[in-house]
Amino acid sequence: MTSPTADQHPLLSSALDLPALSDLARDLAVEAARIAHESRPADLGVAGTKSSVTDVVTEMDRLVEQHLRTRLAEVRPDDAVHGEEDSYRPGTTGLTWVIDPIDGTVNYLYGRAGWSVSVAVVAGDPRIAGDWEPLAGAVADPSAAEVYVAHQGGGARRSSFTDDGGLGAATELRVNEPVELGMALVETGFGYLAERRAQQAQVVAGLLPQVRDIRRVGSAALDLCWVAAGEADAYYESGLNSYDIAAGVLIAREAGAVVTGLDELHPTRGMLIAGGPRVQAEIRAVLREFPRSLFVIREG
Ligand code: LIP
C-alpha cells in the first residue's frame with residue numbers, strides 16, 4: 001500500500017475529484033460523529049460481542065454505521081462499502097468506502113473520550129492487506145470537537161467544530177521530525193484476546209525502556225491522527241483492520257509520516273508502524289528484533 005502513481009492505480013489516472021471526495025468523507029464523518037455524541041443513550045449497553053466478551057458492539061455502533069451506509073447509498077450508490085459492523089456491499093466503480101462507525105468502542109461504552117468516526121475511500125480491496133490504497137479520508141473526534149481530513153497529494157488538515165454546526169478554519173498538520181527513539185512519545189494498543197494481549201505485553205515491555213513514554217488511548221484512527229498532528233511521535237499496533245486505519249494512515253502519510261508493516265511497505269494485521277521517518281525506522285528496527293511469533297494474529 002505505497003502511494004501509487006497514476007499508472008499503478010488506473011483510478012488515479014481518471015478524473016477523480018479527490019478534494020471533493022475528502023470533503024464528502026469529512027462531512028459524513030462529522031455528521032455521524034455528532035449523531036453518536038449527541039444521541040448516546042444514558043443507559044447505553046452492550047448489544048453484542050465479537051472475538052471475545054470484551055470485544056463489544058453497542059446499538060450506536062450499528063446505528064451509526066447504518067446511517068453512513070444510507071448516506072453513501074444516496075450520494076455514492078455505485079461505490080462499494082466495507083464497514084466494521086455489517087457485510088461488504090460490492091460496487092462497480094473500483095472505489096470502496098471503508099467505515100468504522102465508532103473506533104474506540106470501549107471508550108464510547110464507558111462514556112469516555114478517545115473514540116472517533118473514521119470514513120475513507122480507497123482504490124482496491126480493503127479486505128486484503130496490501131491490496132488497497134487510501135485516496136481520501138476523515139476522522140472525526142467529537143469529544144475534542146475536531147475533524148482530521150486528507151486526500152492523496154493534498155496534505156493533512158484539522159478543523160474544529162463550530163457552535164452553529166459548521167467547521168472552523170483548517171490548520172495544516174505535520175509530524176514531529178527528526179525524533180530519536182529515546183525521546184519518542186509512542187502510542188500503541190492491544191487486542192481483545194488474552195493470547196494476543198500476552199504477546200503484545202511482551203513487546204511493549206521490551207520497547208518501554210527505550211522510549212520517552214507509551215500511551216494507550218484506544219482508537220487507532222485517533223492514534224494515527226495524533227502522530228499527524230505532532231501530538232505523539234509514533235504509533236505501532238498489531239491486529240488492526242482496514243476500517244480502523246484506512247483514513248488515519250492517509251492523514252498520517254499526508255502529514256509526513258512513514259507508515260509500514262514489520263517487513264512490508266504497507267501495514268498488515270501483523271503490524272502497523274507510523275511516525276516521522278527517523279523514529280519510524282528506529283522503532284521498526286527494534287520491533288523486528290522480537291520473535292516473529294509475537295506478531296502472529298490468530299483470528300479471534
Ligand atoms: C480499537 C482500535 C484500537 C485497539 C482497540 C480496538 P474498536 O478498535 O482502534 O487501536 O487498540 O483494542 O480494537 O474495536 O474500538 O473499533
Side-chain angles (χ1 to χ4, degrees), residues 29 32-33 36-37 40 44 46-66 68 82-86 98-120 126 129 134 137-143 148 186-201 203-204 207 214-228 231-232 234-252 259 261 267-275 294-295 297-300:
H37 194 241
R40 182 185 180 280
L44 179 68
V46 173
T49 61
K50 295 182 276 190
S51 64
S52 76
V53 293
T54 58
D55 185 1
V56 299
V57 60
T58 73
E59 66 184 85
M60 291 304 291
D61 291 84
R62 293 172 176 164
L63 182 149
V64 170
E65 178 157 330
Q66 190 50 55
L68 288 168
H82 176 55
E84 177 167 10
E85 309 303 348
D86 205 341
V98 184
I99 55 181
D100 191 339
I102 297 178
D103 186 53
T105 295
V106 171
N107 288 333
Y108 183 78
L109 177 67
Y110 277 71
R112 299 166 55 107
W115 60 273
S116 59
V117 175
S118 179
V119 178
V139 175
D141 177 358
S143 307
Y148 299 79
V186 180
E187 298 167 312
T188 191
F190 307 118
Y192 292 110
L193 292 172
E195 177 193 4
R196 186 183 305 167
R197 294 166 72 82
Q199 294 169 325
Q200 292 167 325
V203 176
V204 72
L207 190 65
I214 294 278
R215 294 286 185 272
R216 193 281 197 262
V217 175
S219 167
L222 287 180
D223 289 326
L224 286 161
C225 289
W226 289 325
V227 168
E231 295 171 4
Y235 167 57
Y236 79 93
E237 187 166 353
S238 57
L240 297 171
N241 296 293
S242 56
Y243 40 74
D244 297 312
I245 66 171
V249 164
L250 180 63
I251 291 162
V259 187
T268 68
R269 277 181 62 73
M271 185 53 71
L272 175 149
I273 310 163
L294 294 181
F295 303 116
I297 304 298
R298 292 174 184 78
E299 292 309 321

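The model shown is predicted, which means the values in this text are computed figures rather than measured ones. Whatever order the structure lists ligands and atoms in, that order sets their numbers, starting from 1.
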Audit row: Lys50, Glu85, salt bridge (charged side-chain N to carboxylate O under 4.0 Å, His left out) steps and yes/no: CA-CA 10 Å; Lys50 295 182 276 190; Glu85 309 303 348; 3.2 Å; yes
Heavy atoms, side chains only, cut-off 4.5 Å: are Leu207 and Tyr236 in contact? yes
Can you find a heavy atom in the side chain of Val259 that is under 4.5 Å from one in the side chain of Ile273?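 Sidechains of Ile273 and Val259: no contact.
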According to the interplanar angle, ranging from 0 to 90°, do the rings of His37 and Trp115 count as parallel (below 30°), tilted (30 to 60°) or perpendicular (above 60°)?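 Rings of His37 and Trp115: tilted, as their planes differ by 30° to 60°.
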Might you confirm whether atom CZ of Arg216 has over 12 heavy atoms from other residues, nucleotides or ligands at distances under 6.0 Å? yes
Residues passing the side-chain contact (heavy atoms from CB on, under 4.5 Å) test with Val106, sequence neighbours excluded, are Val56, Tyr110, Tyr192
Using a strict cut-off of under 4.0 Å between a residue heavy atom and any atom of ligand 1, list the qualifying protein residues by chain and number.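 Those residues closer than 4.0 Å to ligand 1 by some heavy atom are Glu84, Asp100, Ile102, Asp103, Gly104, Thr105, Gly189, Phe190, Tyr192, Arg216, Gly218, Ser219, Ala220, Tyr235, Glu237, Leu240, Asp244.
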